[in-house]
Amino acid sequence: MSSTEASPLAAAEPADDLVVALTPRAVERLKELRDEEPEGDRLGLRIEILGDEGTDFTYDLSFQIVTKSDLTDVIRNHDGLRVIIPARDTQNLEGATLDFEPDGLVMRNPNRPKPFRLDGLKHDDELSAEISVIIDTDINPALAAHGGFITYVGHDDEGKAFVTMGGGCHGCAMSRMTMLQGVQQAIKDAVPAVERVIDVTDHSTGENPFYTA
């Protein structure tokens, strides 16, 4: 698939080389959200990869004025919704589909970041003990109500803690949201040395291996 450059001053190109596919229900919902914004008729949806740590990419979706796009951005028209993708992200988004489900927008991307090496992580020091305590006493009892749990894997020297998710959290569309909004905040609040929590679960083996944006 070509990563053709498109000028933001030109009309969005026909939907014959989409990079990311959007389902009809995703397009409908995104148009509704766009039209609620000031200058909605000038806005396009920007899809950007924010991170490549763990087993899945993390994404940022936002509306921006199309004419303020970078010259190298790829712009495509999805049934009246213009989609803007940074040129650097086109390769890792090729073949992806953005859908809308009851839980929200879901990105199904067959591409994965480069395999993450877990060897070298620390898991038997004082910081690991602090993290394990908050997981065992606070987080897992809360997740157990949903049939899920997380397992501590280790931490690096840059403030990142790594976990895997199992049970009801494994593979479900809400697992990433649960981790980012709940697990990460709980660990950061209890252990100030932790700045980020990275989910290294292989969600492709779950029943619904998608990321909810």
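Paired with L61 under the rule side-chain contact (heavy atoms from CB on, under 4.5 Å), one option of L105, V83, L33 passes, and it is L105.
Hydrophobic clustering (side-chain heavy atoms under 4.5 Å, transitive across Ile, Leu, Val, Met, Phe, Trp, Tyr) keeps V133 apart from L127.
Partners of D99 according to the side-chain hydrogen bond (donor to acceptor under 3.5 Å, both in side chains) rule, which considers only residues two or more places apart in sequence or in another chain, are T23, R25, R108. The side chain to side chain contact (heavy atoms under 4.5 Å, CB included) check on E32 picks up E28, R29, with sequence neighbours excluded. Evaluation of the salt bridge (charged side-chain N to carboxylate O under 4.0 Å, His left out) rule for D41 yields no partner, not counting sequence neighbours.
From I187, atom CD1 reaches atom CD1 of I150 across 5.0 Å, with rounding to the nearest 0.5 Å. Expressed to the nearest 0.5 Å, how far CD of Q185 lies from CD1 of I139 amounts to 10.5 Å. Atom CZ of F63 is separated from atom CD1 of I84 by 10.0 Å, given to the nearest 0.5 angstrom. Taken to the nearest 0.5 Å, the CD1 atom of I85 stands 8.5 Å off from the CG atom of L18. Once rounded to the nearest 0.5 Å, the distance linking CD1 of I131 with CD of E126 reads 11.0 Å. The NZ atom of K160 sits 9.5 Å away from the CD atom of E195 when rounded to the nearest 0.5 Å.
G95 approaches P110 most closely through the heavy-atom pair O-CD, 3.5 Å. Between I135 and P141, the shortest heavy-atom distance links the atoms O-CD, 3.9 Å. For the residue pair P192 and A190, the shortest heavy atom distance occurs at CD-O, 3.6 Å. Of all the heavy atoms in I134 and A186, the pair that sits closest is CG1-O, 4.1 Å. When all heavy atoms of S132 and Y152 are compared, the closest pair comes out as OG-CD2, 3.6 Å. Scanning both residues, Q64 and S69, for their nearest heavy atoms gives NE2-OG, 2.9 Å.
I47 is listed as a side-chain neighbour of M107, based on a closest heavy-atom distance under 4.5 Å. D79 is listed as a side-chain neighbour of K31, based on a closest heavy-atom distance under 4.5 Å. A 4.5 Å side-chain heavy-atom check between Y59 and L50 finds every atom pair outside the cut-off. Side-chain contact between L45 and R34: absent, with no pair of heavy atoms (C-beta onward) separated by less than 4.5 Å. Using a 4.5 Å heavy-atom threshold, the side chains of D156 and F162 count as touching. Contact check for L43 versus I65: side-chain heavy atoms found under the 4.5 Å cut-off. Between D199 and V183, the closest side-chain pair of non-hydrogen atoms is not below 4.5 Å. Counting heavy atoms from C-beta outward, E130 and V194 have side chains that stay 4.5 Å or more apart.
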### Query
Between R42 and E37, does a side-chain contact (heavy atoms from CB on, under 4.5 Å) hold up when you go through it step by step?
CA-CA 10 Å; R42 300 180 63 199; E37 297 289 326; over 6 Å; no
### Message
Applying side-chain contact (heavy atoms from CB on, under 4.5 Å) to K122 and D157, what does each step give before you reach the verdict?
### Response
CA-CA 8 Å; K122 299 177 181 178; D157 294 323; 2.9 Å; yes
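By the 4.0 Å N-to-carboxylate-O rule, R46 lies too far from D60 to be salt-bridged with it.
When atom types are taken as modelled, the side chain of D70 and the backbone of T72 share no donor-acceptor pair closer than 3.5 angstrom. D89 places no side-chain N or O within 3.5 Å of a backbone atom of P86 that could act as its donor or acceptor partner. The backbone N or O of A96 sits nowhere less than 3.5 Å from a side-chain atom of N111 that would complete a donor-acceptor pair.
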